[in-house]
Structure formats: C-alpha cells, structure tokens
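A short worksheet on the structure shown next.
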Amino acid sequence: MEELVFTRPDDWHLHLRDGALLEAVLPHTAAWFGRAVVMPNLKPPVSDTDRARAYRDEIRALLPADSRFEPLMAAYLTEDGDPADIVAGHREGVIFGVKYYPAHATTHSAAGVRAIENVYRHLEAFEEAQVPVLFHGEVTDPDIDIFDREAVFIERILEPLRARFPGLKVVLEHLTTRDGVEFVKSQHGAVGATITCHHLMYDRNAMFQGGLRPHLYCLPILKARPHTEALRAAATSGLGMFFLGTDSAPHLKHTKETDCGCAGVFNAPVALSTYAEVFEEEGALDRFEAFASLNGPRFYGLRPNSDRIRLRRAETTPPSQVNVPGEGQIVVFEGDRAHRWVPESASP
Ligand code: NCD
Ligand code: ZN
C-alpha cells in the first residue's frame with residue numbers, strides 16, 4: 001500500500017499543558033487530529049466547569065482562524081469537587097468527561113482520589129448523567145511493584161466498580177498490560193481503552209537499551225514483551241473498544257534528563273507515522289482507520305470527523321526537538337530517525 005486515505009483521526013488522550021508549552025505543542029496535534037481529549041493535570045488542576053471553560057478558551061485562542069480542531073475538555077476529579085457542577089458543565093458541552101487520577105499516581109496528581117469510596121457520590125451522579133469517567137488505572141500502594149500496578153487496579157478498583165455502577169461509562173486510559181486487554185474485552189463493549197504508540201512499539205527493555213533512556217520513561221511504565229504483544233493484537237484487532245490515545249505528555253528536556261526525571265513521552269509530532277508503522281508491521285493497515293478514527297467516536301456516541309486525511313509512504317524526518325521560547329526544548333519521541341509515513345491533507 002502506497003497511501004492510506006482515511007477519516008480524520010482523533011486523539012482520545014492528550015496533554016497540552018498551558019502557556020508557552022501549549023503554544024509550542026498544540027500545532028503538532030491540531031494539524032492532523034479533528035478532536036483531542038485534553039487532560040486536566042495542570043497546576044492548579046482543571047477541576048470545575050469554569051476552569052475547563054477558561055482552559056478551552058486558552059487553547060482555542062491559539063488555533064489558526066481556519067482550524068477545525070476541537071479540544072474536548074476532561075475535568076479533574078477531586079474528592080471535594082462538586083459533582084453537580086461537573087454534570088452541569090457536561091450538559092452545557094464544556095466538559096467532555098471526568099479524569100480519575102489516583103492521588104500521587106503520576107505527574108500533577110496530588111489532588112487526585114485517595115480512596116474510591118470518597119467519590120462514590122460523584123460516580124453515582126456521573127452514572128446517572130452519563131458523564132464518561134476516564135481512569136488512570138494504577139494503584140499507588142508502595143507495596144505493589146510498579147509493573148503490577150495496572151493489573152492490581154483492575155482487580156481492586158475497576159471490577160468492583162463495574163458491579164457497583166454498571167451504567168457508568170468507563171475508559172481505561174493508556175492501557176499497558178495483557179490483563180488490561182482481557183478485562184476490557186470481557187466487558188462486552190461497556191468499557192473502552194486508549195492505547196499509546198509508545199506502548200505499542202516498545203517493551204520495558206527499551207528504557208535500558210545501551211544506557212538509561214529517560215525519554216522512554218512514562219506512566220504507566222512500559223511493560224514486558226508479552227504485554228506489548230497483547231496491546232498490538234488489541235489495537236489492530238478492529239474491536240470497537242480499543243482506540244487511539246497518544247498520551248503525548250511534553251516535559252522540558254532538562255526536567256527529564258536529571259536525577260529525578262518527569263514521566264511522559266512527547267509523541268504528538270510523530271503520532272500518526274508511528275502508529276501506522278505498527279499497523280503496517282502487523283499487516284493491519286486496513287484496520288488503522290477503525291482504531292484511529294471510528295472506534296473512539298462510536299464509543300463516545302459522536303460522529304466520526306467528516307473530512308479525510310492521507311498517509312503517504314515516503315521517507316521523512318520529524319523534528320528531533322520542539323523549541324519552547326524562553327523555556328527550553330522538548331525532545332520528540334522517535335525524532336532521531338527516518339519515518340515511513342507522511343500525513344497530508346486529503347482535501348483538493
Ligand atoms: C503524564 C504527564 O506528564 O502529564 N505523564 C505520563 O507519563 N503519561 C501523566 C499521565 O498521563 O500519567
Ligand atoms: Zn496522560
């Protein structure tokens with residue numbers, strides 16, 4: 001196949017940050033994706049309708065006048081947040097979904113949930129109003145090995161939650177394990193999951209290949225090879241509950257190349273080419289559109305984007321870094337090699 005023309009894709013899990021970082025990274029997503037679910041882990045967190053509206057305005061103000069990119073705002077679930085405010089924001093179309101961070105699970109998650117019982121009243125309201133809840137699915141118990149945190153979260157939190165709130169719309173974000181794949185499949189379409197391009201490409205050995213690789217350090221952490229294989233099979237299966245979410249998470253280079261570096265992979269500039277390479281390797285380019293452009297909207301009850309883009313087979317070299325004026329650089333995932341697919345506009 002020399003080119004792939006398909007429905008414009010969406011990114012169902014994205015970190016855009018704010019201020020100068022936002023300005024530097026936004027064009028890389030807005031150029032190719034129709035919509036993106038924008039994560040709320042700013043400082044302070046985007047935890048209510050007013051903040052979500054203000055953040056959406058900040059993003060929209062940076063888009064070119066002819067851009068059709070639509071930021072979909074996730075609200076940060078806090079134990080003392082007001083569920084009625086979130087439900088009202090959702091009805092109004094400001095809040096797309098709620099992001100559940102276990103407290104201290106990842107970057108800027110200190111305001112997250114300490115115990116799920118503390119947000120039962122919120123989840124009840126979200127179930128009733130059909131507000132999707134997007135889970136960072138990792139336990140934070142220091143006794144649980146970092147490679148097991150997703151599997152234990154499913155067992156301890158998600159399985160009981162599905163029984164208690166059977167009508168709640170649940171997405172397990174940035175899926176990383178075979179356990180996760182099996183759980184999602186077993187829920188008969190009621191639970192969705194996003195999968196990143198870096199978790200499809202690499203297993204945990206890559207973090208230590210020839211030395212320590214801070215730019216491959218993210219959360220949930222890369223897992224052992226059999227998990228990577230299970231994710232590749234799930235993403236390329238065509239099954240409707242698996243969809244594209246890059247978890248592109250920009251951090252300035254000096255905050256990753258240090259003795260206690262931040263978690264996050266910045267993949268927005270290469271997201272489409274890296275996903276396409278994985279699908280090509282799996283002989284599944286014919287299922288790429290389902291994963292990238294159709295499954296997500298169907299799960300969320302939205303229409304797919306109405307226009308199309310093209311991926312053309314041609315060797316191309318992405319930027320290796322993105323400059324943030326006055327702040328530094330962000331290292332681009334896979335930015336140091338040639339890529340096989342170039343995205344292009346498919347309109348005449
Ligand atoms: C994300 C970030 O930097 O905001 N980091 C990451 O490693 N994925 C947070 C997150 O999604 O866990
Ligand atoms: Zn994320």
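Both backbone and side-chain heavy atoms feed into the values below; hydrogens, waters and symmetry mates do not. Note that the structure is predicted; figures quoted are calculated from it, not measured.
- With hydrogens and angles left out, the side-chain atoms of S320 and D336 include no donor and acceptor closer than 3.5 Å.
- Between F333 and Y202, the ring planes are perpendicular. Angles over 60° get that label, and only those under 30° would be called parallel.
- Panel note: side chain R149, backbone I144; a donor-acceptor pair is recorded below 3.5 Å.
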(request) Take L123 and V133, measure what side-chain contact (heavy atoms from CB on, under 4.5 Å) needs, and give me the verdict at the end. (result) CA-CA 8 Å; L123 298 174; V133 182; 4.2 Å; yes

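- When each of R17, E257, H215, H15 is paired with H251, the side-chain hydrogen bond (donor to acceptor under 3.5 Å, both in side chains) condition holds for R17 and for no other.
- Contact record, A20 with P325: CB-O, 4.4 Å, taken as the closest heavy-atom pair.
- Checking side-chain atoms of H339 against main-chain N and O of T317 turns up no donor-acceptor pair under 3.5 Å.
- In this structure a side-chain-to-backbone donor-acceptor pair under 3.5 Å is present from Q130 to G167.
- Hydrophobic side-chain contacts under 4.5 Å tie L72 into a cluster, directly or through other members, with W12, V37, M39, Y76, F96, Y101, L134, V171, F243, F299, Y300, L302.
- Side-chain N or O atoms of K185 include none that pairs as donor or acceptor with a backbone N or O of A234 at under 3.5 Å.
- One finds no salt bridge joining E3 and R312 here, because no Lys/Arg side-chain nitrogen approaches an Asp/Glu carboxylate oxygen to under 4.0 Å.
- The two atoms that bring L21 and P250 nearest to each other are CD2-O, 4.0 Å, heavy atoms only.
- For R68 (side chain) and G34 (main-chain N/O), no donor-acceptor pair under 3.5 Å exists by modelled atom type.
- With rounding to the nearest 0.5 Å, the separation of CD1 in I195 from CZ in F242 is 6.0 Å.
- The two atoms that bring N295 and L239 nearest to each other are ND2-O, 3.1 Å, heavy atoms only.
- Under the 3.5 Å distance criterion, the side-chain polar atoms of E289 are matched with a main-chain donor or acceptor of T7.
- Between L219 atom CG and I221 atom CD1 the span is 6.5 Å, to the nearest 0.5 Å.
- Between the side chain of K256 and the backbone N or O of G261 there is no donor-acceptor pair closer than 3.5 Å.
- Shown here for T246 and A271, the closest heavy-atom pair between the two residues is CG2-CB, 3.7 Å.
- F291 and M1 fall within the same hydrophobic cluster, defined by Ile, Leu, Val, Met, Phe, Trp and Tyr side-chain heavy atoms under 4.5 Å apart, directly or through other members.
- Residue E280 is tested with R287, R232, R340 for a salt bridge (Lys or Arg N to Asp or Glu O under 4.0 Å); the sole match is R340.
- Counting all heavy atoms, side chain and backbone alike, I95 lies closest to A52 at CG1-CB, 4.0 Å.
- Remark: E92 engages R53 in a salt bridge, criterion side-chain N to carboxylate O under 4.0 Å.
- Close placement of the H174 and H136 rings is indicated, their centers lying within 6.0 Å of each other.
- Taking a cutoff of 4.0 Å between a charged side-chain nitrogen and a carboxylate oxygen, E344 and R310 qualify as a salt bridge.
- A donor and an acceptor atom, one from each side chain of K223 and T176, are located under 3.5 Å apart.
- In this structure, R51 contributes its side chain and P45 its backbone to a donor-acceptor pair below 3.5 Å.
- A donor-acceptor pair under 3.5 Å is absent between the side-chain atoms of S293 and the main chain of A290, judged by distance alone.
- Panel note: side chain D10, backbone P297; no donor-acceptor pair is recorded below 3.5 Å.
- Across all their heavy atoms, A284 and T236 have their closest contact at CB-CB, 3.7 Å.
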